Structures are given as structure tokens and as C-alpha cells.
Amino acid sequence: MKRIIYFFFMIEVLAACGGEEQKEILSGPIETDFCMNIHRDDSITLSGVLQDLQDQMADSTGAYVLEDGDGAMVIRAWLCEYAEKTIDLQYFIFSTDNVGLIACDYLVRAADRGVKVRILVDDIMVDASLEDVLIMDAHPNIEVNIYNPGVNLGKNLVEKAGKFASDFRGANQRMHNKTFTVDGKVVITGGRNVADEYFDYNHDFNFRDRDVLLIGGIVEDVSTSFEGFWNHRLSVPVAQLSDEPKPVATETTYDRLHAYACDPSNFWPQVRERIEHLPEAIDRIKTSGDIVWLNDIRFIADTAGKNSGDQGLEGGGVTTDALIALVQQATSSIEIQTPYLITTDRSRALFKSVIDRGVRVRILTNSLASTDNVQAFGAYQSEREALLATGVEIYELRPDAQVRKDIMTGELQKELDHQPIFGLHAKGMVIDGHTTVIGTFNLDPRSANLNTECITIMQSDRIAEQVASHMEIEFQPENAWKITTDFNPDDEVSVTKQLKTWTMKALPKGIL
């Protein structure tokens, strides 16, 4: 019965997504062309900027944590602009909102210079039309693959329903990895997808998120993981999803996209100025020592097709095993941030075992007021008291957390006359003040058993101190509510949202 309920819920969601009006940016006339004012500095190259780091890159990995969304967006744009050979992107969500369209513009411009661009995106959350994705793929230097298609792109509602009805487990196997690799030298990986709300540019709701910039060393492991996904049978060239002939790009195919991105009302000149001056910022980062060079660092990624056998909705993966091992090895403290916190008997027993031997465990997750996912919250809500009983300290993020004014530094935030809701999307751990995990893994059964995930594990007191200091601020009362058996902030939201959360409790936890 629960599976039937979830089946109809998923169809409702997919129908809503499919019914949204798409921005027709890749076709139509150009009203005003602002691109004549946009210039690239041809004297700058990525290899030139990294030249004085070559020896360190050969022997170790440079790590720089990206806490604010605006900065994370600017560095991605700059890397696209000065990539020399390759850009490989792997994302769960790639939206056709403002940030997504500007990202497409940067990728097309890189491809125009001869950079080979490969884009791998999961099918379920693609909000573009198949035609627009095919136009991106039409560029001779851009390839787009879709992971595990059949539930969204190019499918009507009946076909989507058929996929969930005939292959429920397969339809729920999603690629949640997020990596952005340039020239095989630099990687950005962590929690952020490509959409406004991950970079502080949404007018109504923005995520507190975290990435890490990696230079040299471990980048090769990220590239190896990407190749494994790109060449897997579930990674399908987008052209194979259409019965129509593949479109052919011309000199004017992307003019309207460029015009959109060049328009100062869409991408503000002050942001472009930050991108132009980024080499100076990188020099300051290098000389200040803010890049931490590591020898003990691991990038761990699940393989494509994770648990595709007959294990039902369970089975785990290498990221799951790695995180369990880290928790088991903790000796004093575990600090966790996870937007979705859905525990099982096994995970609660794991936490209880380390708490019983003196390890302090604190978890910050979303409150009902800050969450974007009432389905997941309903499952967490049902097990909240059981988790508290293990000794875990639970904190729930306030939607009006004061820290948002420091973290949400995007130019948009300075212009709005209101504060958007602040939700948590960062996924990470700091263990014993020395081990830091930044990645895509949520503490829920979906990440453990269904989604492919990736995590970066860094052994460094300095990085741990940096990340833990942010976490500590976010545990404070002005930013989060501390949950007890006698108190939770569920009544801070409307009765409608409370009722919607309650009705979603019929869904099986294994797929949330």
C-alpha cells in the first residue's frame, strides 16, 4: 500500500515539474545585445595562475572550503572562462533558472574556444525541455549525457507512470554526485547543485551549503570516477532520447543565450567585475596560506548503478561504508550537518554505541519551518524521539537564522527588501576535531542505499577547525532550535504545512 501511495505521489511531482513553463532562451529574436561590453582577458590562463603551485600539486592536494554561495558561483564562472582543455560536470540538478542559464552561457563560450565540455546530469530533476538540452548537445565541443533516463526528459505523464510501475527500484536509482572538474587540475565538489537557491540568488528561499575546491593530487581520482559514470550503460547520450534528427549548431544558435547572460538585469556587472578580479583574489589566497595542502585526503564515490541487483531498497555502497567506519572510529566528538535526517534501527544503534563510550554527537538538520522537503521531514519527525533517546543532540535550523546575513553574501541579497527563507543543504561531518567530510551524502536511507553519492575525507586540524567553527555558530540559539523530548518548533509553521507533513508519513522511509 505504501508503495502505491508513493507511486502516485511521484507522478504528481513529475507532472508538476513537466507542466512548468520553460524559458525559451535558446531560440527567438534578440531584443538587445549587451555582449559587446563583455571582454575576456586572453593573457590569463588557468595553467598560468597555477604555475607556482605545480610542485605542490604533484605531491599533494590543495583544499579550500567554499562556504558562501556567491563565491562558489564566481569561482565556477572564472574556471569556465579560463579553462584550456576540458570541463567535466556531474550534477543531480541543473536548472534553467538565472544561474543555470548563465552557467550554460559560460560553458558554450568555453566550447567556442575549443574546450571539450561534458555534462552528465540525472534525469529526474532536469527542468529543461528535451529540445533545449539537444541544442546544448548540438555544439561540436559539448556532449550531454543523461543518467538513468526514462522518468522525466522527453517523457509524457503516462510514460513516467509506466516507468515507476514497471521498475520501481530502478526508477528510484538516482545519481546524486556533484563534481566540476577543469583541465584535470581543479575540482569543486560538495553539496551545491546548479540552480539559483544554491548560490544565494533565489528571491524566496536559499540554501546554506558547502563545497570544497581541490587542486592537484586527488583530482585524478575524481576524474576516474567521472569516467566510470560517463561510460556506464545508465549514462545515455541525450540524442538517443529523441526520435528527431540531432540539431546542427550554427553561428547564431546560441546568440540569444549569450544575450540573456550579457544583460545586466540578469547578470550584474558587479558580479562580472568580481570574476575579472578573481586572479588577484587567488593570489591573496595563495600567499595567505588559506589553501591547505594535504597528503591524507580521500575522494570516495559510489559506482554507477549502485545496488542494481536484487537487494530491494537496501544494500549500501562504498560511501555508506566509509561514513560508518568514520563514526565507529570516533573517540571524542562528531559534529554533523545534514538537510534530511531519516534514521533506522541500524543507524540509531550506531550512534548509541559511540555515545555510550563517551563520544558527543551533535546534528544540525532542517526544522519544519526551514525544510524544502516535507516528505523527508515527516519520516524524521516520526523517529525524532527515538533518536534523542540514543543521546544524540539534535538542532533544527531556524528559517530566519541570523547567520544567513553573513553566509548569504550574494549581490541579490543586498538588493532585496526582505530576507529569503534560509534552509540547510550542507552535508558534512567533523570528527574528533581532525577529520572533515564534505560531500553529497544525506543521513537518510536514500543516500545510503539508492542514490550514488560522493564524499571528500580530509585529515587536517586546520580544515576541521574552519568547518567546525561555522558549525558551532549555526548551533547557537539565534540560528537553531535545540530539540528535547519536551520541545520542538513544529508549530512555527502553518497548519497546512503541518497537515501536509503528517499525510506524507505513509511513504516508505527507504525511498525518502
Side-chain angles (χ1 to χ4, degrees), residues 61 63-65 67 190-191 208 210 212 292-300 316 318-366 380 383-397 403 424 426-444 447-448 453 455-485:
T61 302
Y64 182 78
V65 180
E67 296 283 359
R208 191 276 182 265
R210 180 180 291 111
V212 62
V292 181
W293 292 94
L294 306 171
N295 292 315
D296 195 347
I297 179 173
R298 289 184 291 160
F299 176 81
I300 299 176
V318 292
T319 56
T320 307
D321 294 342
L323 290 173
I324 290 173
L326 288 174
V327 171
Q328 291 173 330
Q329 294 160 13
T331 60
S332 60
S333 63
I334 304 174
E335 315 287 351
I336 299 174
Q337 287 184 332
T338 179
Y340 316 120
L341 177 58
I342 305 174
T343 57
T344 61
D345 291 342
R346 181 186 181 193
S347 58
R348 289 192 297 274
L350 175 64
F351 284 129
K352 188 175 188 305
S353 69
V354 296
I355 291 169
D356 286 349
R357 55 183 174 79
V359 177
R360 185 187 189 190
V361 179
R362 290 193 297 174
I363 302 178
L364 175 67
T365 191
N366 277 306
Y380 153 70
E383 305 292 347
R384 187 164 48 192
E385 288 196 10
L387 183 58
L388 284 169
T390 68
V392 170
E393 299 174 44
I394 304 175
Y395 294 77
E396 295 182 6
L397 187 71
V403 73
L424 181 68
K427 310 117 180 341
M429 303 170 66
V430 177
I431 302 169
D432 296 338
H434 178 69
T435 303
T436 303
V437 180
I438 296 175
T440 67
F441 197 105
N442 298 308
L443 290 190
D444 61 19
S447 283
E453 307 286 355
I455 56 176
T456 303
I457 305 172
M458 296 166 281
Q459 306 293 343
S460 164
D461 289 350
R462 186 171 177 187
I463 290 180
E465 182 180 5
Q466 290 174 359
V467 175
S469 65
H470 284 278
M471 289 184 173
E472 186 61 41
I473 292 171
E474 289 153 22
F475 280 125
Q476 298 308 306
E478 63 270 24
N479 298 314
W481 288 292
K482 185 173 183 179
I483 308 304
T484 69
T485 54

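All values reported here derive from a predicted model rather than from experimental measurement.
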Between [atom1] of [X] and [atom2] of [Y], what distance do you get to the nearest 0.5 Å?
X      : Y      : atom1 : atom2 : answer
Arg348 : Arg346 : CZ    : CZ    : 13.0 Å
Leu387 : Ile342 : CG    : CD1   : 12.0 Å
Thr440 : Ile455 : OG1   : CD1   : 8.0 Å
Ile438 : Phe299 : CD1   : CZ    : 12.5 Å
Thr365 : Gln337 : OG1   : CD    : 10.0 Å
Leu364 : Glu472 : CG    : CD    : 11.0 Å

So does [Y] get a backbone contact from the side chain of [X], meaning a donor-acceptor N/O pair under 3.5 Å?
X      : Y      : result
Asp432 : Ser332 : yes
Asn366 : Leu424 : yes
Asp296 : Gln459 : no
Thr338 : Asn442 : no
Ser353 : Leu350 : yes

Any side-chain heavy atom of [X] sitting closer than 4.5 Å to one from [Y]?
X      : Y      : value
Val467 : Arg210 : yes
Thr61  : Met458 : no
Lys482 : Arg362 : no
Ile363 : Phe351 : yes
Met429 : Leu323 : yes
Arg384 : Glu396 : yes
Thr343 : Leu443 : no
Ile394 : Tyr380 : yes

Over 12 foreign heavy atoms within 6.0 Å of CD, Glu385: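 Atom CD in Glu385 is not crowded, with 12 or fewer foreign heavy atoms closer than 6.0 Å.
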
task: Verify the neighbour count for atom CD of Glu465: are there more than 12 heavy atoms of other residues, nucleotides or ligands below 6.0 Å?
output: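 Counting other residues, nucleotides and ligands, CD of Glu465 stays at 12 neighbours or fewer.
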
message: What I want to find out is whether Glu335 reaches Arg360 closely enough, with some N-O distance under 4.0 Å, to be called a salt bridge.
response: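 Salt bridge absent between Glu335 and Arg360.
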
message: What I want to find out is whether Lys427 reaches Glu453 closely enough, with some N-O distance under 4.0 Å, to be called a salt bridge.
response: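 A salt bridge is absent here (no side-chain N lies under 4.0 Å from a carboxylate O).
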
query: When you look at Arg208 and Asn479, which way does the side-chain contact (heavy atoms from CB on, under 4.5 Å) test go after all the steps?
result: CA-CA 12 Å; Arg208 191 276 182 265; Asn479 298 314; over 6 Å; no

For a quick test of reading the model, state the closest non-hydrogen atom pair linking [X] to [Y] and the distance between them.
X      : Y      : answer
Thr390 : Ile355 : O-CD1, 3.4 Å
Ser460 : Ile463 : OG-N, 3.1 Å
Val327 : Arg357 : O-NH2, 4.0 Å
Ala426 : Pro339 : O-CD, 3.4 Å
Phe475 : Ile336 : CZ-O, 4.3 Å
Val359 : Ser333 : CG1-N, 3.8 Å

message: The test is side-chain contact (heavy atoms from CB on, under 4.5 Å); show your working for Thr435 and Ile457 and say whether it passes.
response: CA-CA 7 Å; Thr435 303; Ile457 305 172; 3.8 Å; yes

field: Residues forming a side chain to side chain donor-acceptor pair (under 3.5 Å) with Asp356, sequence neighbours excluded
entry: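 Side chain to side chain donor-acceptor pair (under 3.5 Å) check on Asp356 returns Lys352.
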
